[in-house]
Amino acid sequence: MKYDKNLLNEYEGFTCWKEMLKTCGASLIVNNYITASYLEVIIASVIKHGPYFVVAEQVAIAHSDINLDNIKKTGVSWNILKKPCQIGDINPKAVKYLIILATTNGVEHLGFLKNSRKFFWMKLKEQSFIKSKPKNN
């Protein structure tokens, strides 16, 4: 997938997870990757299934089924929240890094999810190593 600097955003934080998804997904709409209905599908899925796309501590990859009516082209929105936001009403998960994924085919969709999972798993392992490493005095 091609990197688009217009899809990198930083926010102070949100008190409502639905507003967070809509605001963070706005860059995908403005840059003609998706329609607003794609974000509504993601919100409906969270209401039904909970925060299914939280993939690591404070990391979420929001996505839904491929529907060419609401996905115009493949894109990924990268969003950093200075203050984590809780996603979902049942068993909410705090998120500081929200990635919104929109793909036009299953190969790209699964490929991104697989590769990003590996990336975040490695980062979490590095973070755990750094935290457990004794400090030199």
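- Rounded to the nearest 0.5 angstrom, S27 OG and I100 CD1 are separated by 7.0 Å.
- Residues passing the salt bridge (Lys or Arg N to Asp or Glu O under 4.0 Å) test with E10, sequence neighbours excluded: none.
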- Item | CA sep, side-chain torsions, deciding dist, call: V59, V95, side-chain contact (heavy atoms from CB on, under 4.5 Å) | CA-CA 6 Å; V59 179; V95 170; over 6 Å; no

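- Heavy atoms of other residues, nucleotides or ligands lying less than 6.0 angstrom from NZ of K83 number 12 at most.
- Across A36 and I29, no two heavy atoms sit closer than the pair CA-CD1, 3.7 Å.
- Separating the CG atom in L28 from the CD1 atom in I34 is a distance of 4.5 Å, to the nearest 0.5 Å.
- Contact between V41 and S64 at its shortest, heavy atoms only, is CG1-OG, 3.0 Å.
- A distance of 6.5 Å separates CD1 of I80 from OH of Y97, quoted to the nearest 0.5 Å.
- For the atom pair NZ (K22) and CG (L39), the distance works out to 8.5 Å, reported to the nearest 0.5 Å.
- For the atom pair K18 NZ and I87 CD1, the distance stands at 12.5 Å (nearest 0.5 Å).
- At least one test fails for K72 against the ring of Y33: distance under 6.0 Å to the centre or angle within 45° of the axis.
- S77 OG to L21 CG: the interatomic distance, rounded to the nearest 0.5 Å, is 10.0 Å.
- Shortest non-hydrogen contact noted between T23 and Y11 is O-OH, 3.4 Å.
- In this structure the side chain of Y38 reaches within 4.5 angstrom of the side chain of H63, judged on heavy atoms.
- Nearest heavy-atom pair, T103 versus T74, reported as atom, atom and distance to 0.1 Å: CA-OG1, 3.6 Å.
- Residues C24 and N9 come closest through the heavy atom pair O-ND2, 4.2 Å.
- In this structure, N70 contributes its side chain and T35 its backbone to no donor-acceptor pair below 3.5 Å.
- Between K96 and E57 no salt bridge is recorded (no basic side-chain N to carboxylate O distance below 4.0 Å).
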- Apply side-chain contact (heavy atoms from CB on, under 4.5 Å) to W17 and F14, showing your working. CA-CA 7 Å; W17 63 269; F14 298 92; over 6 Å; no

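- The side-chain heavy atoms of N31 and L7, taken from C-beta on, include a pair separated by under 4.5 Å.
- Pairing each heavy atom of G88 with each of V46, the nearest pair is CA-CG1, 3.9 Å.
- F53 has its side chain out of reach of I99: every pair of non-hydrogen atoms, C-beta onward, lies at least 4.5 Å apart.
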